[in-house]
Amino acid sequence: MKARFGPAHGLAGEVRAPGDKSISHRAALLGAMAQEPVRIARYLHAADTTATLQAVRALGALVEVRGEEVVVRGTGLREAREPDGTIDVANSGTLLRLLPGWLAAQDGRSFTLDGDDSIRRRPVDRIAEPLRQMGATVQARNGRFPPLVVSGARLRSISYELEVASAQVKSCVLLAALAADGATTVGEPARSRDHTERMLLRAGVGIHRNGRHVTVVNTDELLLNQVKVPGDASSAAFLVAAGVLVPGSRLLIGDVGVNWTRTGFLRILRRMQGIVLGDLEDETGELEADEPVSDLDVAHGALEGTVVDPEEVPLAIDELPLVALLGCFAEGETLVRGAHELRVKESDRIAGVVNGLRGLGADIEATEDGFAVRGTGGLRGGTIESHGDHRLAMMGAVAGLASREGVDVQGIEAAAVSYPGFVDDLAALAAP
Ligand code: S3P
């Protein structure tokens with residue numbers, strides 16, 4: 001489906017970002033792993049997180065949806081049911097990588113996970129390796145891609161160093177570790193989002209962080225009761241970028257999650273001189289249990305180019321397409337380095353961003369692990385292809401509002417993966 005986003009004349013008003021995708025997935029999964037019911041407030045009802053509810057139902061959890069609230073009655077840590085058929089993860093890389101952590105601990109039962117064409121290109125060897133070390137049997141197509149078959153076992157605790165900073169892989173090992181035979185430690189080369197750690201801490205699990213290492217102690221049960229999902233900082237980032245780029249804009253985004261491990265984009269934007277006010281969490285020493293929230297107050301203003309370094313990448317991974325877009329409007333050059341992971345997201349986001357923005361008039365080049373943009377003061381407009389990737393679809397829409405001639409986004413429906421109300425929210429903010 002194609003949609004046109006014409007140049008906007010100032011965005012104004014207030015909008016509440018949709019519920020956090022990462023935290024919704026985790027709440028549903030931990031709810032399924034718990035024995036007592038878990039009430040989840042402001043669950044994100046989008047394609048990815050609906051797939052998670054379907055998956056936990058197939059595994060024996062009872063799920064009740066009451067508007068924004070979801071109640072999950074789980075099976076307990078070691079009691080997932082073997083479903084009749086394949087578990088469909090749809091387009092969700094997070095479900096694909098996190099769920100096997102729980103499944104690996106289901107001794108004597110086997111599970112097959114598969115999804116759409118994009119999922120079939122997402123590497124799973126990164127989770128297969130630690131799960132095998134823990135004692136599970138894991139098979140993947142060509143050793144690397146879905147469909148993925150996980151055969152559960154009694155798990156051993158391990159110490160594991162991640163090769164890439166990935167919250168999905170870290171979370172997979174942490175979930176498996178809950179049912180292992182001792183304490184498991186995971187090390188990551190750079191900090192990544194820590195929602196799993198915070199939720200486990202709230203669920204009464206013995207967990208602590210020491211720099212880039214997290215240790216979790218095995219347990220018999222999770223005691224979670226309630227989860228309040230904050231607004232999604234990554235979804236909010238698309239509104240923030242629109243507010244910063246469209247002249248005359250001033251908007252307020254309510255109740256956004258501002259966990260330090262998710263606000264890398266806002267720090268990059270501030271470095272570019274973007275105007276965004278909010279009570280952002282500072283970098284934390286100890287592991288926190290809470291997910292802090294803040295309103296974000298955004299205004300249009302001039303931008304300067306910046307360099308995004310490798311250790312910032314995991315903290316802004318889903319917003320890097322927006323950094324490229326901002327770079328088109330900024331004074332000087334904007335460079336993103338160390339973002340090779342973008343090549344294995346829902347699409348090859350380096351190729352999609354570079355070709356897409358170039359088609360709209362940008363001066364941008366791909367590098368092996370990122371991109372370089374020279375700001376030219378704006379974008380002409382044209383047509384952009386989402387490649388079925390929600391972040392590229394939303395980037396194209398924002399580009400259109402800020403462009404001189406407007407942008408047609410081919411495949412805008414992909415936005416529903418994480419933010420079904422996105423187009424309506426933009427239209428409400430753009431209304432005179
Ligand atoms: C996510 C982690 C990130 C991110 C994805 C959601 C998560 O992936 O890109 O959208 O919920 O843990 P990686 O951890 O693989 O970088």
Side-chain angles (χ1 to χ4, degrees), residues 18-30 44 46-49 51-52 89-102 115 118-119 121-130 146 162-175 186 188-200 212 214 227 229-230 232-238 257 259 261-265 291 310-323 336 338-350 352-353 369-370 389-395 414-415 417-419:
D20 189 281
K21 179 159 81 70
S22 290
I23 297 176
S24 295
H25 281 302
R26 285 156 173 80
L29 291 174
L30 264 59
L44 171 69
D48 265 21
T49 44
T52 298
V89 305
N91 186 247
S92 176
T94 303
L95 180 56
L96 174 70
R97 271 66 170 265
L98 265 62
L99 181 57
W102 181 34
S118 151
I119 273 296
R121 295 189 295 269
R122 311 289 300 271
V124 286
D125 45 342
R126 47 184 66 192
I127 59 162
E129 170 63 26
L162 300 182
E163 271 173 34
V164 286
S166 161
Q168 294 180 350
V169 183
K170 173 179 63 174
S171 299
C172 175
V173 180
L174 293 177
L175 295 187
V186 190
E188 47 185 355
R191 293 276 302 275
S192 66
R193 67 188 68 189
D194 65 359
H195 304 304
T196 305
E197 293 92 308
R198 292 185 193 219
M199 212 180 280
L200 290 177
R212 290 178 183 169
V214 184
V227 178
V229 179
D232 194 308
S234 301
S235 299
F238 289 84
N259 171 329
T261 63
R262 289 293 296 283
T263 49
F265 170 71
E291 292 286 355
E311 69 273 14
E312 283 184 290
V313 162
L315 306 171
I317 185 77
D318 294 331
E319 295 79 69
L320 293 176
L322 287 175
V323 174
V336 171
H340 198 267
E341 275 297 294
L342 289 180
R343 296 217 181 260
V344 289
K345 291 293 176 190
E346 284 83 335
S347 67
D348 175 344
R349 282 192 187 148
I350 294 182
V353 163
D369 63 350
D389 183 329
H390 55 133
R391 310 278 179 208
L392 296 187
M394 294 192 286
M395 180 196 74
V417 155
S418 59
Y419 192 168

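Remember, it's 1-based here, ligands and their atoms both numbered in the order they're listed. Quick note: residue numbers are just sequence positions, from 1.
The protein non-hydrogen atom at the shortest distance from atom 15 (O) of ligand 1 is S166 OG, 3.0 Å. Scanning the protein for heavy atoms near atom 6 (C) of ligand 1, the closest one is T94 OG1, 3.4 Å. In terms of protein heavy-atom proximity, atom 16 (O) of ligand 1 is nearest to K345 NZ, 3.0 Å. Distance from atom 11 (O) of ligand 1 to its nearest protein heavy atom, with residue and atom name: S22 OG, 2.7 Å. Looking only at protein heavy atoms, the nearest one to atom 14 (O) of ligand 1 is A167 N, 2.7 Å.
With a 4.5 Å cut-off on side-chain heavy atoms, L320 and I350 do not count as touching. For the pair R262/D20, a side-chain contact is recorded, criterion being any heavy-atom separation below 4.5 Å from C-beta on. For the pair V164 and P189, the minimum side-chain heavy-atom distance is 4.5 Å or more.
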field: CA sep, side-chain torsions, deciding dist, call: K21, S234, side chain to side chain donor-acceptor pair (under 3.5 Å)
entry: CA-CA 9 Å; K21 179 159 81 70; S234 301; over 6 Å; no

message: Run S22 and H195 through side chain to side chain donor-acceptor pair (under 3.5 Å) and show every step you take.
response: CA-CA 8 Å; S22 290; H195 304 304; 4.8 Å; no

query: Hey, mind stepping through S24 and T49 against side chain to side chain donor-acceptor pair (under 3.5 Å) and telling me if it holds?
result: CA-CA 7 Å; S24 295; T49 44; 5.6 Å; no

task: Just do the side chain to side chain donor-acceptor pair (under 3.5 Å) check on R126 and S166 with the steps written out, would you?
output: CA-CA 9 Å; R126 47 184 66 192; S166 161; 4.6 Å; no

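Under 4.0 angstrom from ligand 1, there are no non-hydrogen atoms of H25.
The closest non-hydrogen atom to atom 7 (C) of ligand 1, taken over H195, R349, R26, R97, comes from R26.
Taking every heavy atom of D318 and a limit of under 4.0 angstrom, the matching atoms of ligand 1 come to 4 (C), 5 (C), 9 (O), 10 (O).
Checked against a 3.5 angstrom limit, the closest N/O atoms of R391 and ligand 1 fall outside it.
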